[in-house]
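Remarks on the structure that follows.
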Amino acid sequence: SARIMIVGEAPGATEDELGKPFVGRSGQLLIRLFGEIGISRDEIYIANVLKCRPPENRDPLPLEIKKCGAFLASQIEFVNPVVIVPVGNFATRYVLQTKEGITKLRGKSFNIGNTIVIPTVHPAFVLRNGKRAEADMLADIQTIKK
Ligand code: URA
């Protein structure tokens with residue numbers, strides 16, 4: 001059980017090896033930023049849209065999203081979090097069932113039943129784009145505290 005759920009795209013190489021979500025560089029960044037608002041990893045349920053790493057880290061295919069997404073939908077139903085934070089385009093599009101991109105949706109809050117959804121950028125994007133992107137992500141995460 002958890003009040004906060006993070007949804008990522010798919011396991012990376014480290015995650016695939018260890019069988020745990022967000023334990024590589026992206027995960028460390030994400031958890032550090034949650035730490036800045038006083039929320040630790042053990043308070044968060046972490047899941048991905050895809051349950052296996054796509055070959056060569058390619059984008060998830062529509063059929064993969066459909067098949068694996070059914071498991072994610074069950075996870076969301078069981079955990080029944082207060083807040084879901086999808087990170088990046090694939091997770092946000094799945095959770096909100098939209099075609100809209102993350103640039104438009106990040107930092108806003110949406111209601112799905114009793115759950116609040118606050119999308120943010122993917123931490124891998126922040127790792128590639130530096131401090132400005134990190135500040136945006138932190139601002140989105142601070143919305144959760146409110
Ligand atoms: N990127 C993701 O989207 N999920 C992970 O678990 C790790 C990296």
Side-chain angles (χ1 to χ4, degrees), residues 1-12 14-16 20-54 57-146:
S1 91
R3 294 170 71 208
I4 300 174
M5 181 167 181
I6 293 173
V7 178
E9 178 178 316
T14 316
E15 289 76 16
D16 217 28
K20 288 186 181 154
F22 279 122
V23 285
R25 279 186 70 216
S26 284
Q28 285 160 24
L29 170 71
L30 193 57
I31 298 307
R32 175 168 63 77
L33 294 185
F34 270 87
E36 290 198 25
I37 61 158
I39 296 171
S40 65
R41 185 182 175 102
D42 57 14
E43 295 176 81
I44 308 170
Y45 186 98
I46 309 177
N48 281 301
V49 179
L50 259 57
K51 307 308 185 192
C52 298
R53 180 175 184 239
N57 253 0
R58 63 154 167 73
D59 284 349
L61 301 174
L63 184 62
E64 293 169 341
I65 293 172
K66 196 173 165 207
K67 297 276 184 189
C68 288
F71 289 99
L72 174 62
S74 298
Q75 288 174 293
I76 293 172
E77 195 185 321
F78 277 118
V79 176
N80 189 24
V82 177
V83 182
I84 300 178
V85 186
V87 300
N89 270 321
F90 287 97
T92 301
R93 287 181 178 146
Y94 185 84
V95 171
L96 291 178
Q97 292 292 298
T98 178
K99 288 191 160 62
E100 197 62 78
I102 189 64
T103 317
K104 238 183 163 174
L105 301 176
R106 56 157 282 262
K108 297 186 178 146
S109 62
F110 302 87
N111 292 309
I112 297 186
N114 290 330
T115 302
I116 301 162
V117 179
I118 302 175
T120 190
V121 293
H122 195 284
F125 171 84
V126 175
L127 288 173
R128 287 194 303 271
N129 288 276
K131 285 290 162 198
R132 171 79 197 274
E134 184 175 318
D136 286 347
M137 189 180 212
L138 182 59
D140 298 345
I141 289 174
Q142 277 162 343
T143 315
I144 297 163
K145 199 77 179 176
K146 287 187 208 149

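- Closest approach of K108 and K104 over heavy atoms only: NZ-O, 2.8 Å.
- Around CZ of R25, the count of heavy atoms belonging to other residues, nucleotides or ligands within 6.0 Å does not exceed 12.
- Here the CD1-CD1 distance, from I37 to I144, works out to 5.0 Å after rounding to the nearest 0.5 Å.
- Here the straight-line distance linking atom CD of E100 with atom CZ of R93 works out to 8.0 Å at 0.5 Å rounding.
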Side chains of residues 84-92: which donor-acceptor partners sit under 3.5 Å, not counting sequence neighbours?
unit_1, atom_1, unit_2, atom_2, d
N89, OD1, I102, N, 2.8
T92, OG1, G88, O, 2.7

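- Under a 4.0 Å N-O distance rule, the pair R58/E64 qualifies as a salt bridge.
- Taking the side chain as every heavy atom from C-beta outward, P60 and V49 never approach each other to under 4.5 Å.
- Side-chain contact between V95 and F110: absent, with no pair of heavy atoms (C-beta onward) separated by less than 4.5 Å.
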Start with the C-alpha gap between L30 and I6, add the side-chain angles, then the distance that decides, and say whether side-chain contact (heavy atoms from CB on, under 4.5 Å) holds. CA-CA 10 Å; L30 193 57; I6 293 173; 3.8 Å; yes

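- Minimum interatomic distance between L138 and L33 (heavy atoms only, all atoms of both residues): CD1-O, 3.9 Å.
- Shown here is N111, whose CG atom has more than 12 heavy atoms of other residues, nucleotides or ligands within 6.0 Å.
- Formation of a donor-acceptor pair under 3.5 Å by the T115 side chain with backbone atoms of P81 is found in this model.
- Residues R106 and D136 form a side-chain contact, since some pair of their non-hydrogen atoms from C-beta on lies under 4.5 Å apart.
- Using a 4.5 Å heavy-atom threshold, the side chains of L72 and M5 count as touching.
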Enumerate, atom names and distances included, each donor-acceptor pair closer than 3.5 Å involving a side-chain atom of residues 122-132, sequence neighbours excluded.
unit_1, atom_1, unit_2, atom_2, d
H122, ND1, A124, N, 2.9
N129, ND2, F125, O, 2.8

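- Contact of the I4 side chain with the V82 side chain is not registered, since no non-hydrogen atoms from C-beta on lie closer than 4.5 Å.
- Residues A10 and N48 share a closest heavy-atom pair of N-OD1, 3.5 Å.
- Contact record, A70 with Y94: N-OH, 3.9 Å, taken as the closest heavy-atom pair.
- The environment of E77 atom CD is sparse: at most 12 non-hydrogen atoms of other residues, nucleotides or ligands sit within 6.0 angstrom.
- Interatomic distance, CG of L29 versus CE of M137, reported as 6.0 Å (0.5 Å rounding).
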Is there a side-chain contact (heavy atoms from CB on, under 4.5 Å) between E36 and I141? Walk through the geometry before answering. CA-CA 9 Å; E36 290 198 25; I141 289 174; over 6 Å; no

In residues 40-47, what donor-acceptor pairs under 3.5 Å come from side-chain atoms, sequence neighbours left out?
unit_1, atom_1, unit_2, atom_2, d
S40, OG, D42, OD1, 2.6
S40, OG, E43, OE2, 3.3
R41, NH1, F22, O, 2.8
R41, NH2, P21, O, 2.7
E43, OE2, S40, N, 2.9
Y45, OH, Q75, NE2, 3.0

